[in-house]
Amino acid sequence: MPSLNPTHDPARRSWVASANHSEADFPIQNLPFGRFRRRDGEVRTGVAIGDRIVDLAAALAAGLLDGAARAPAEAAVGDLRGLLELGNAGASALRARLSALLLAGGPDQAAAGAAADRILVAQAEVEMILPTTVRQFSDMCVSTFHIGRLSGNDDRGQPICPPVFRTLPVGYDGRATSVVVSGTPVRRPNGLWTEQVGGTGDPRFGPEPRQDYELEMGAWLGGPDNPLGEPTRIAAAADRLFGLCLLNDWSARGIQFWENMLGPFLGKSLATTVSPWIVTMEALAPFRAAAFQRPAGDPPVPAHLLSDADQRDGGLDIALEARLRPHGAAGKQDAVICRTNFRHMYWTFAQMVTHHSSNGCSLGPGDLIGSGTCSGPALAEAACLLEANVEGPLSLPNGDTRLWLADGDTVILRGRASRDGYVPIGFGEATGRLMPAPDPAA
Ligand code: MN
């Protein structure tokens with residue numbers, strides 16, 4: 001678990017003025033890593049600060065990333081995979097140096113400020129791309145509130161879930177090839193589905209009628225692989241988490257419920273949208289929270305998924321929001337369709353890593369693990385339409401209603417961590433616009 005250090009100091013301000021706005025996602029306390037394409041077509045890696053990016057190759061060339069920061073900066077140039085492979089210690093050394101460079105009134109301000117034209121790029125002038133090639137993508141399902149929304153509560157007032165959900169973090173292996181960065185259009189899939197929700201009746205092939213989104217967080221793994229056959233114990237799992245992003249697990253409910261014999265397949269692999277910035281676990285250290293408190297009557301945490309440290313602060317207090325921008329909406333008529341928090345998750349990311357490798361499955365840098373839909377107990381915290389529409393269609397500010405997504409609709413995910421005594425940090429956006437399905441007969 002990363003500990004608090006001077007990079008988290010709320011008194012720190014940056015000489016990059018846009019980083020100091022109270023609403024900024026990327027203050028000097030955040031410093032997330034990302035990859036972008038410049039106007040000249042060149043691919044670079046960098047660190048977000050306010051509305052700018054520190055171009056790591058340019059900062060290296062300017063001689064500003066020496067000492068312990070040099071090796072991780074060199075590893076990060078071109079593709080972040082090299083930095084992910086180095087793991088959290090390398091990223092921490094680079095973060096410490098960048099924090100010093102960007103610090104207003106610090107001893108490095110003069111040197112860094114003199115090179116600002118060379119090392120800073122405006123985010124508005126670049127195209128963000130995936131931070132690294134996704135090696136493998138797995139998606140978990142660890143909110144009991146998500147599972148229980150349609151099945152109701154038991155006599156304890158707790159969501160009714162199949163027993164497995166409280167004994168392990170349920171998941172499936174998804175597709176790395178369909179993970180796309182925020183801003184990439186998403187095409188409604190064709191597939192086999194039935195008129196009845198739930199997958200009963202006679203199926204036919206055509207455009208998915210019940211296209212949905214799922215608000216999730218994704219964890220990028222770092223450090224060395226666990227070799228095949230060698231599980232990652234719970235005590236070591238937290239250090240395998242490099243950082244987090246927002247993740248939209250686009251879900252085709254008609255296809256999903258008809259095909260669901262061996263688990264999710266084509267209902268999920270149409271596309272997965274991630275936010276471009278990896279917010280490091282070190283940046284998130286001030287926002288750690290206790291793991292989910294199991295209600296009386298739940299089974300105990302299995303011993304192999306139990307550690308005092310993980311129970312104490314393996315959770316995360318991150319406010320999450322989904323907005324829907326309806327197609328053709330005049331001006332900016334976004335509807336907030338979900339407000340929730342990551343602390344509603346029944347299992348921690350460390351438990352997901354340990355469970356995922358508990359059979360010896362190898363995980364490593366470039367692996368992406370989705371948390372599952374981050375629903376909380378209230379209906380306003382329902383983090384997909386399948387749950388949010390249980391009492392009927394959603395009413396949008398422009399007068400439209402939605403049971404499911406319409407062609408041309410845009411889903412925008414945002415996340416923000418805040419705690420008294422610390423500077424809040426954000427995740428940017430995971431945005432995607434739903435495009436019409438291809439001709440199913442073509
Ligand atoms: Mn999901």
Side-chain angles (χ1 to χ4, degrees), residues 134 136-151 159 161-162 164-165 168-180 182 186 188-189 191 197-199 208 210-220 244-260 262-275 292 316 318 320-322 324 337-338 340-342 344-349 351-353 355-356 367-376 381-390 404-405 411-413 415 427 430-432 434:
V134 183
Q136 293 276 345
F137 169 55
S138 306
D139 199 21
M140 318 301 282
C141 183
V142 306
S143 162
T144 54
F145 306 111
H146 170 57
I147 297 301
R149 186 82 58 196
L150 302 185
S151 46
C161 305
V164 64
F165 282 90
L168 56 79
V170 169
Y172 66 96
D173 282 321
R175 290 292 302 175
T177 53
S178 49
V179 178
V180 296
S182 179
V186 168
R188 181 187 299 273
V197 176
E208 166 63 55
R210 296 188 282 276
Q211 183 58 48
D212 202 351
Y213 80 101
E214 289 185 344
L215 166 54
E216 308 191 9
M217 301 216 70
W220 290 96
L244 304 189
C245 64
L246 303 163
L247 187 148
N248 183 347
D249 176 26
W250 299 90
S251 297
R253 301 301 186 192
I255 298 170
Q256 180 189 347
F257 289 137
W258 181 251
E259 74 181 358
N260 198 22
L262 286 177
F265 192 50
L266 302 184
K268 297 289 192 172
S269 60
L270 60 138
T272 304
T273 300
V274 293
S275 55
F292 189 85
L316 282 159
I318 302 171
L320 299 167
E321 180 181 277
L324 195 159
I337 53 175
C338 171
T340 184
N341 192 292
F342 195 68
H344 296 308
M345 308 309 270
Y346 194 83
W347 302 93
T348 67
F349 263 129
Q351 289 173 318
M352 295 182 223
V353 167
H355 171 64
H356 203 323
D367 275 12
L368 177 67
I369 299 180
S371 65
T373 309
C374 297
S375 299
E381 297 170 307
C384 63
L385 294 177
L386 176 67
E387 295 176 60
N389 71 17
V390 289
W404 307 101
L405 296 174
V411 176
I412 303 152
L413 308 183
F427 285 78
T431 296
L434 184 66

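Both counts, for ligands and for their atoms, begin at 1 and track the order of listing.
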Taking the Mn ion (ligand 1) as the vertex, how big is the angle to OD2 in D139 and OE2 in E216, rounded to 10°?
90°
Distance only, no hydrogens: is a donor on one side chain within 3.5 Å (strictly under) of an acceptor on the other, for T373 and E214?
yes
For F349 and F342, I'd like to know if the aromatic rings sit close, meaning centre-to-centre distance below 6.0 Å.
yes
Give the intermediate values and the outcome of side chain to side chain contact (heavy atoms under 4.5 Å, CB included) for residues L405 and W250.
CA-CA 10 Å; L405 296 174; W250 299 90; 3.7 Å; yes
With the Mn ion (ligand 1) as the point of reference, which N/O/S atom of D249 is the closest?
OD2
Closest E214 atom to the Mn ion (ligand 1) [N, O or S only]:
OE1
Do the side chains of K268 and D139 get close enough for a salt bridge, i.e. N-O under 4.0 angstrom?
no
